[in-house]
Asks: 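Take a look at the following structure, please.
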Amino acid sequence: MSTVEVRDLHKHFDGGRVRAIDGVDLVTGDGEYVVLLGPSGCGKTTLLRTIAGLEEPTGGDVLIDGHVVTGLPPRARQIAMVFQSYALYPHKTVLANIVFPLRAARVDRGPREERAKWAAGLLGIGHLLDRKPRQLSGGERQRVALARALVRDPTVFLLDEPLSNLDAKLRTSARDELKRFQKEIGVTTVYVTHDQSEAMGLGDRIAVMSGGQVRQIGAPVEIYDHPADTFVATFIGSPPMNLVPRGDVLLGFRPEHLLPVENVAGERLTVTLEVERMEYLSGDRHIYGTVAIGDEPTRVIARLPATVETPIAVGERHDFAIPTGRLRFFDAASGARTGAVPLGDLTPAPSGGAGR
Ligand code: ATP
């Protein structure tokens, strides 16, 4: 068991023109599953490769189990890494592929096969040990690559989109398996993905990255309910958080918290929604429209679960409400979360059309 830490890490390319990692501080707990999540090009892979020792940092340090490993080669770091594009030996059996790192480390045949069978069993590929990679599905091959990483008894597991080659259904089951076996062996894991549902499902904590920096790190519920800034607020959640400009602040609320007024008990902010478009998705009604609580009419999305049966038609003006406890506030200039603005200041809106 182990921890991973990076301190003020920088990784620049092209003589500093590309700041792939631009000052990242991150500490994992022992046995924790930390997910690096962010859009393409935000630096996730570079951060993982720097932790692995495949990239030399431009500045800062990498620590494993409290020891500075910056400058040490990957093999000295007790880590196992599985990439999106993994390579299996095509002419070797699954068993021979899995035991390969143990053979290289001169582990005896008995213990190494026992270990391979343990890893294969954990990943549900125990019945495939005699096959060759070409006789496996993409998902099974990916699990062989994971098993091969696992047998080395790593103190840290670094995974870069290891499920990306799987179809949607297999991805979901592989995700469950991955989480289960990670908890079973309790190995500290850093996992890269750009898929937020994967991140929400797998991570004990999620580090949301953009532009080479970590914008927020926290448990999935924290990131979702209390985003640190407008980037996180809109990157997480589908559809994203609504943001309505109002003076110096942006008023944020999730689509599922904007409901027909009769469905919102307790203290609430009532708004009139001009309904422009509707979609049915997985039993939910997504309602696109305009509200006038801000400086100007703003487009928002409401997500109504199937349990809300209020009839709503396109073209209609309908009273909606947001529970006040669900409102979030962001600084309009910096995008950072700020304290609550008294609701009295929000209603009635200057342009009319909204009230409480
Ligand atoms: P993706 O999800 O698309 O894999 P990512 O978040 O993993 O993206 P990185 O691969 O870490 O992003 O890349 C971060 C930035 O650094 C990008 O702008 C990329 O173009 C740049 N970059 C990465 N590797 C190099 C390199 N060897 N030389 C120059 N620039 C690089």
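Ligands are counted one by one from 1 in listed order, and the atoms in each one are counted from 1 as well.
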Asks: Quick test of your reading of the model: are Arg7 and Glu5 salt-bridged, counting only N-O distances below 4.0 Å?
Replies: yes
Asks: So His10 and His12, would you call those rings parallel, tilted or perpendicular, with 30° and 60° as cut-offs?
Replies: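 Rings of His10 and His12: perpendicular, as their planes differ by over 60°.
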Asks: Does the distance from a Lys or Arg side-chain N to an Asp or Glu carboxylate O, for Arg19 and Asp14, drop under 4.0 Å?
Replies: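 No, Arg19 and Asp14 are not salt-bridged.
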Asks: As a check for students: among Asp14, Thr46, Asp195, identify the option with a heavy atom nearest to atom 9 (P) of ligand 1.
Replies: Thr46
Asks: Taking only Lys NZ, Arg NE, NH1 and NH2, and the carboxylate oxygens of Asp or Glu, determine whether Arg205 and Glu32 approach each other closer than 4.0 Å.
Replies: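 The answer is yes: the pair qualifies as a salt bridge.
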Asks: Out of Glu55, Glu161, Lys44, who is nearest to atom 6 (O) of ligand 1 when you count heavy atoms only?
Replies: Lys44
Asks: Give the atoms of ligand 1, by number and element, whose distance to some non-hydrogen atom of Val18 is under 4.0 Å.
Replies: 16 (O), 21 (C)
Asks: Are Phe320 and His318 near enough that their ring centres are under 6.0 Å apart?
Replies: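 So the answer is yes for these two rings.
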Asks: How far is atom 31 (C) of ligand 1 from its nearest protein heavy atom, and which residue and atom is that?
Replies: Phe13 CD1, 3.3 Å
Asks: Nearest protein heavy atom to atom 3 (O) of ligand 1, by residue and atom, and its distance?
Replies: Ser40 OG, 2.6 Å
Asks: Examine the proximity of ligand 1 to Thr45 and report which part, side chain or backbone, both or neither, has a heavy atom under 4.0 Å away.
Replies: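 Both backbone and side chain of Thr45 come within 4.0 Å of ligand 1.
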Asks: For Pro39 and ligand 1, answer yes if some heavy atom of the residue is under 4.0 Å from a ligand atom, otherwise no.
Replies: yes
Asks: Got a protein heavy atom sitting under 4.0 Å from atom 17 (C) of ligand 1?
Replies: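 For atom 17 (C) of ligand 1 the answer is yes, since some protein heavy atom falls inside 4.0 Å.
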Asks: Quick check on Gly43 - does any of its heavy atoms sit under 4.0 Å from an atom of ligand 1?
Replies: yes
Asks: Are any of the N or O atoms of Cys42 closer than 3.5 Å to those of ligand 1?
Replies: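 In this structure, Cys42 places an N or O atom under 3.5 Å from an N or O of ligand 1.
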Asks: Which ligand 1 atoms does Gly41 reach within 4.0 Å, using its non-hydrogen atoms?
Replies: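 By the 4.0 Å cutoff, the relevant atoms are 1 (P), 3 (O), 5 (P), 6 (O), 8 (O), 12 (O), 14 (C), 15 (C), 17 (C), 18 (O).
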Asks: Inspect the contact between Glu279 and Arg277 and indicate whether a charged nitrogen and a carboxylate oxygen are less than 4.0 angstrom apart.
Replies: yes
Asks: Can you check atom 20 (O) of ligand 1: any protein non-hydrogen atom closer than 4.0 Å?
Replies: no
Asks: I'd like to know if Asp108 and Arg103 make a salt bridge, using a cut-off of under 4.0 Å between side-chain N and carboxylate O.
Replies: no
Asks: Can any side-chain N or O of Arg77 pair as donor or acceptor with the backbone N or O of Leu72 at less than 3.5 Å?
Replies: yes
